[in-house]
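Worth knowing before you read on, the calculation uses all heavy atoms, side chains too, and leaves out hydrogens, waters and symmetry mates.
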Amino acid sequence: MVWNKHIKSKTRNQVRKAEKNDFQIKTGGEELLDDFYEVITKAWRDLGTPTHSKSFYGNIIKYFSADSKFHGQFMVIYIDEKPISAACMIFSDDYICHPYAATLKEFNKLSVNNILYWNIIKFAIDRKILAFDMGRSRNGQSTVKYKLSWGAEPIQLYYYYFNKASHTNDEDGKLVKFLINMWKKLPLSIANFLGPKLIYKVLK
């Protein structure tokens, strides 16, 4: 029902085409942490974004594994046993989200993102989960069109800022763009070392 009723025909065709590749998909807990972290750190570095420490992601799974209502699992996609795409999923009986996800850019031509999203959706359907939160996007971003192609319904988000006379969204400012380009050039080991120390300032 979801496949035919909500997902656009172009996206369905991209999924069918991508499925012809020899992907392997694993879903699980801490045993997939290393593979998840390998993907997320390299992909986010290539996007110019710091990432959290490995223990941060591991603690998400530990915390939600002990929770009675919500649960946490990793989903990792492999090709030739190499992890190339991954998501950290948090879900309950009614709701699922993937606050951290990434695909290695050199595999974008294989439409791996489509495989990842479709398998998250199937994961939710198998558990009779009612809603998939695909995350926020600003108006005009390419991700808006991509999410709509999966049948997403936009919901307005409101942001409130305290103890500030004014707030300016500078995500597209020259300084931010410069810092992003510099981060992309960092060796992965240095990005992984600095990332956890900086990401809290980036996301505050």
Side-chain angles (χ1 to χ4, degrees), residues 1-12 14-16 18-19 23-33 35-37 39-40 43-44 49 51-78 83-103 111-139 141-162 199-200 203-204:
M1 179 178 175
V2 172
W3 177 257
N4 290 313
K5 186 175 180 180
H6 297 286
I7 300 174
K8 304 296 184 185
S9 59
K10 180 179 179 180
T11 302
R12 295 200 304 268
Q14 288 173 335
V15 172
R16 291 190 188 100
E19 286 180 332
F23 295 121
Q24 301 87 46
I25 301 167
K26 294 182 182 179
T27 303
E30 292 180 77
E31 72 277 8
L32 297 180
L33 174 59
D35 291 345
F36 168 85
Y37 191 70
V39 172
I40 203 88
W44 280 27
T49 303
T51 189
H52 296 285
S53 65
K54 184 186 291 188
S55 62
F56 173 89
Y57 299 110
N59 285 336
I60 291 176
I61 302 303
K62 287 180 182 178
Y63 176 82
F64 285 108
S65 293
D67 191 274
S68 59
K69 182 177 179 181
F70 286 91
H71 311 280
Q73 288 194 16
F74 296 121
M75 179 178 289
V76 183
I77 298 177
Y78 303 80
I84 62 172
S85 183
C88 175
M89 304 181 296
I90 299 172
F91 57 95
S92 67
D93 291 341
D94 304 314
Y95 165 93
I96 187 169
C97 66
H98 64 319
Y100 305 103
T103 296
S111 295
V112 186
N113 261 356
N114 288 343
I115 295 296
L116 181 65
Y117 271 75
W118 176 232
N119 277 276
I120 292 174
I121 291 171
K122 289 197 296 183
F123 179 93
I125 292 171
D126 288 344
R127 287 158 181 78
K128 296 181 172 57
I129 295 172
L130 301 177
F132 176 20
D133 182 348
M134 302 182 84
R136 78 176 185 100
S137 293
R138 289 185 294 137
N139 285 336
Q141 285 184 318
S142 60
T143 52
V144 174
K145 184 178 180 180
Y146 180 76
K147 291 172 184 178
L148 290 175
S149 76
W150 287 97
E153 298 179 4
I155 297 174
Q156 177 67 52
L157 297 178
Y158 297 92
Y159 295 85
Y160 299 90
Y161 299 91
F162 297 93
I199 193 166
Y200 300 102
L203 297 181
K204 71 178 181 179

> So do the side chains of Lys128 and Asp93 get within less than 4.5 Å of each other, counting heavy atoms only?
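When only atoms from C-beta onward are counted, Asp93 and Lys128 do not touch, as no gap falls below 4.5 Å.
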> To the nearest 0.5 angstrom, please state how far the CZ atom of Phe70 sits from the OH atom of Tyr95.
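Interatomic distance, Phe70 CZ to Tyr95 OH, rounded to 0.5 Å: 7.5 Å.
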> Can you tell me how far apart CD1 (Ile121) and CH2 (Trp150) are? Round to the nearest 0.5 Å.
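It is 5.0 Å, given to the nearest 0.5 Å.
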> Begin with the C-alpha distance, continue with both residues' side-chain angles, and end with the deciding distance and a verdict on side-chain contact (heavy atoms from CB on, under 4.5 Å) for Ile84 and Val39.
CA-CA 6 Å; Ile84 62 172; Val39 172; 5.7 Å; no
> Do Tyr78 and Phe23 touch side chain to side chain, with heavy atoms closer than 4.5 Å?
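Tyr78 does not reach Phe23 side chain to side chain.
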> Any side-chain heavy atom of Met75 sitting closer than 4.5 Å to one from Leu116?
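Yes. Closest side-chain heavy atoms under 4.5 Å.
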> Do the side-chain N and O atoms of Thr51 and Tyr37 include a donor-acceptor pair separated by under 3.5 angstrom?
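No, because no side-chain N or O of Thr51 sits under 3.5 Å from a partner of the opposite role on Tyr37.
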> Could you state the interatomic distance from OG (Ser92) to NE2 (His71), rounded to the nearest 0.5 Å?
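Answer for the OG-NE2 pair, Ser92 versus His71, is 7.5 Å.
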> Given Ser85, which of Ile115, Ile25, Ile40, Ile77 fulfils the side chain to side chain contact (heavy atoms under 4.5 Å, CB included) condition?
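One option only clears the test, and that one is Ile77.
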> Check each of Lys147, His98, Lys122 against Tyr117 using the side-chain hydrogen bond (donor to acceptor under 3.5 Å, both in side chains) test, and report the only one that passes.
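Going through Lys147, His98, Lys122 one by one, the side-chain hydrogen bond (donor to acceptor under 3.5 Å, both in side chains) with Tyr117 is satisfied by His98 alone.
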> Hey, could you give me the CG/CG distance between Asp35 and Leu33, rounded to the nearest 0.5 Å?
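Asp35 atom CG to Leu33 atom CG measures 9.0 Å (nearest 0.5 Å).
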> Using the side-chain hydrogen bond (donor to acceptor under 3.5 Å, both in side chains) rule, pick out the option among Arg16, Gln14, Arg12, Glu19 that qualifies with Asn114.
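Testing Asn114 for a side-chain hydrogen bond (donor to acceptor under 3.5 Å, both in side chains) against Arg16, Gln14, Arg12, Glu19 leaves exactly one candidate, Gln14.
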> Over 60° means perpendicular and under 30° means parallel, so tell me whether Trp3 and Trp118 are parallel, tilted or perpendicular.
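Because their plane-to-plane angle lies in the 30° to 60° range, the rings of Trp3 and Trp118 count as tilted.
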> Heavy-atom distance under 4.5 Å between the side chains of Tyr100 and Phe74, does that happen here?
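No; the side chains remain at least 4.5 Å from each other.
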> Within the structure provided, determine whether Pro99 and Ile90 are in side-chain contact (heavy-atom separation under 4.5 Å).
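They are in side-chain contact.
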> Measure the spacing between CZ of Phe36 and CD of Glu30 and express it to the nearest 0.5 Å.
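It is 13.0 Å, given to the nearest 0.5 Å.
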> Considering non-hydrogen atoms only, spot the tightest contact between Gln73 and Thr27 and give its length.
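Looking at all heavy atoms of both residues, the closest pair is OE1-CG2, 2.9 Å.
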> Find the distance between OG1 (Thr143) and NZ (Lys145) and round it off to the nearest 0.5 Å.
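Answer rounded to 0.5 Å: 12.5 Å.
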> Looking only at non-hydrogen atoms, find the nearest pair between Ile61 and Gly72 and report the distance.
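Heavy-atom minimum between the residues: CD1-C, 3.5 Å.
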> Do you know which two heavy atoms are closest between Pro83 and Val76, and how far apart they sit?
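Looking at all heavy atoms of both residues, the closest pair is CB-CG1, 3.8 Å.
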> Parallel, tilted or perpendicular: which describes the rings of Phe123 and Phe91, with under 30° parallel and over 60° perpendicular?
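The rings of Phe123 and Phe91 stand perpendicular, inter-plane angle above 60°.
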> Would you name the heavy atoms of Ala43 and Thr103 that are closest together and state the gap between them?
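Result for this residue pair: CB-O, 3.7 Å.
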> For Ile96 versus Ile129, what's the shortest heavy-atom pair and its separation?
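Where Ile96 meets Ile129 most closely, the heavy atoms are N-CG2, 3.8 Å.
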> Using a 6.0 Å cut-off, check whether atom CD of Glu31 has over 12 heavy atoms from anything other than its own residue.
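More than 12 within 6.0 Å, yes.
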> Mind listing the closest non-hydrogen atom pair of Gln141 and Arg138 along with its distance?
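Closest pair (atom of Gln141, atom of Arg138, distance): OE1-N, 2.7 Å.
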